[in-house]
Amino acid sequence: MKLGKDFFEQKTLKAAKGLLGKTLCVKKGNKILRGMIVETEAYCGEDDLACHASKGRTKRTETLYKKAGTVYAYLIYGMHYCLNIVTEKENYPSAILIRSVIKVNGKVSPCHERISGPGRVCRHFGIDKTFNGLDVFGKNIWIEDNGLKISPREIIKSKRIGVDYAKHCKDYLWRFNFVLK
DNA sequence: CAAGAGATCATCT
DNA sequence: GATGATCTCTTGA
């Protein structure tokens with residue numbers, strides 16, 4: 001079953017952990033690509049210096065202020081796209097970055113191919129700036145709950161990647177991943 | 001293996 | 001005009 005808007009209205013940290021084990025689905029032509037989410041990062045509000053919205057509301061960050069479940073896709077380093085999903089209430093800029101997935105064939109059996117890194121995830125799913133502003137409840141992109149529960153003990157917390165400039169915020173343990181058994 | 005540089009561009013100053 | 005929520009390739013130990 002698809003995750004609904006209420007899931008993304010949770011606190012960003014909670015939703016970021018909750019996304020672990022869920023399945024990202026993207027329709028590409030007549031095929032549906034699926035990947036189980038195994039790594040996420042939370043970006044939370046204007047006070048989080050690592051969050052793009054810390055610089056305020058601009059044309060670029062506008063998407064972060066939209067309703068829960070909106071896709072925030074943007075180009076970074078001139079060559080890679082990053083996929084995020086907006087969380088919490090409208091006008092509060094927060095999102096979850098999808099960092100890694102494990103390819104899933106057909107139903108739920110993982111076939112062990114891991115796609116690590118936001119850029120690779122987007123390349124695999126064919127995500128580019130045209131996805132920016134869509135929501136994850138449509139028929140182009142959505143997220144499924146296949147019933148897999150990840151217990152809090154299994155979740156590894158660590159510092160976010162590539163945010164050294166974010167002063168004290170760089171040390172927040174807002175990156176979450178787990179090891180598939 | 002670890003470390004460094006290059007690629008490449010939308011966005012903000 | 002600078003820079004980044006990255007990746008890949010090259011270098012050298």
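Any value given below was found using the heavy atoms of this structure, including those in side chains, with hydrogens, waters and symmetry copies removed. Source: prediction; values computed, not measured. Chain identifiers are assigned alphabetically (A, B, ...) following the order of the sequence lines, protein sequences preceding nucleic acid strands; residue numbering begins at 1 within each chain.
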- After noting the C-alpha distance and the side-chain angles of A/E88 and A/C44, does the key distance pass the side chain to side chain contact (heavy atoms under 4.5 Å, CB included) rule? CA-CA 9 Å; A/E88 302 196 37; A/C44 213; 4.0 Å; yes
- Query: Going through the checks in order, is the side-chain hydrogen bond (donor to acceptor under 3.5 Å, both in side chains) test met by A/S100 and A/E39?
  - Reply: CA-CA 5 Å; A/S100 311; A/E39 186 179 352; 2.7 Å; yes
- Item | Presence of salt bridge, A/E41 and A/R160, under 4.0 angstrom |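 A salt bridge is absent here (no side-chain N lies under 4.0 Å from a carboxylate O).
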- Task: Anything below 3.5 Å on both distances counts as a pair; with that, list the stems of at least three consecutive Watson-Crick or G-U pairs involving DNA chain B.
- Result: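 B:1-7 with C:6-12, B:9-12 with C:1-4 - these are the stems of 3 or more pairs that involve DNA chain B.
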- For A/I161, which contact category applies under a 4.0 Å heavy-atom criterion: base, sugar-phosphate, or nothing?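 Touches sugar-phosphate only.
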Separation of [X] atom [atom1] from [N] atom [atom2], in whole Å?
X: A/I76; N: B/dA7; atom1: CD1; atom2: C1'; value: 14 Å
X: A/Y165; N: B/dC12; atom1: OH; atom2: C1'; value: 13 Å
X: A/K55; N: B/dA10; atom1: NZ; atom2: P; value: 17 Å
X: A/Y77; N: B/dA5; atom1: OH; atom2: C1'; value: 14 Å
X: A/N132; N: B/dT11; atom1: CG; atom2: C1'; value: 13 Å
X: A/R60; N: B/dA10; atom1: CZ; atom2: P; value: 12 Å

- Message: Is there a side chain to side chain contact (heavy atoms under 4.5 Å, CB included) between A/F8 and A/I143? Walk through the geometry before answering.
- Response: CA-CA 11 Å; A/F8 299 99; A/I143 293 175; 4.0 Å; yes
- Item | Given DNA chain C, 5'-ward residue of the pair A/G78 and A/S116, judged by closest heavy atom |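 On the 5' side of the pair lies A/G78.
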Could you tell me if the side chain of [Y] sits less than 4.5 Å from the side chain of [X], heavy atoms only?
X: A/L3; Y: A/L19; result: yes
X: A/E46; Y: A/P93; result: yes
X: A/D48; Y: A/W174; result: yes

- Query: Taking the inter-plane angle between the rings of A/Y72 and A/H52 on a 0 to 90° scale, is it parallel (under 30°), tilted (30 to 60°) or perpendicular (over 60°)?
  - Reply: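 Judged by the thresholds at 30° and 60°, the geometry between A/Y72 and A/H52 is perpendicular.
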- Query: chain A on DNA chain C: first and last contacting nucleotide, 5' to 3', under 4.0 Å to a heavy atom?
  - Reply: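 The protein-touched segment is C/dG4 to C/dT8.
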- Side-chain donor-acceptor pair under 3.5 Å between A/R60 and A/T58, yes or no?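 There is no such pair between these side chains.
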- Task: Select from A/K129 and A/M79 the residue whose nearest nucleotide in DNA chain B is closer to the 5' end of that strand.
- Result: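 Result: A/M79.
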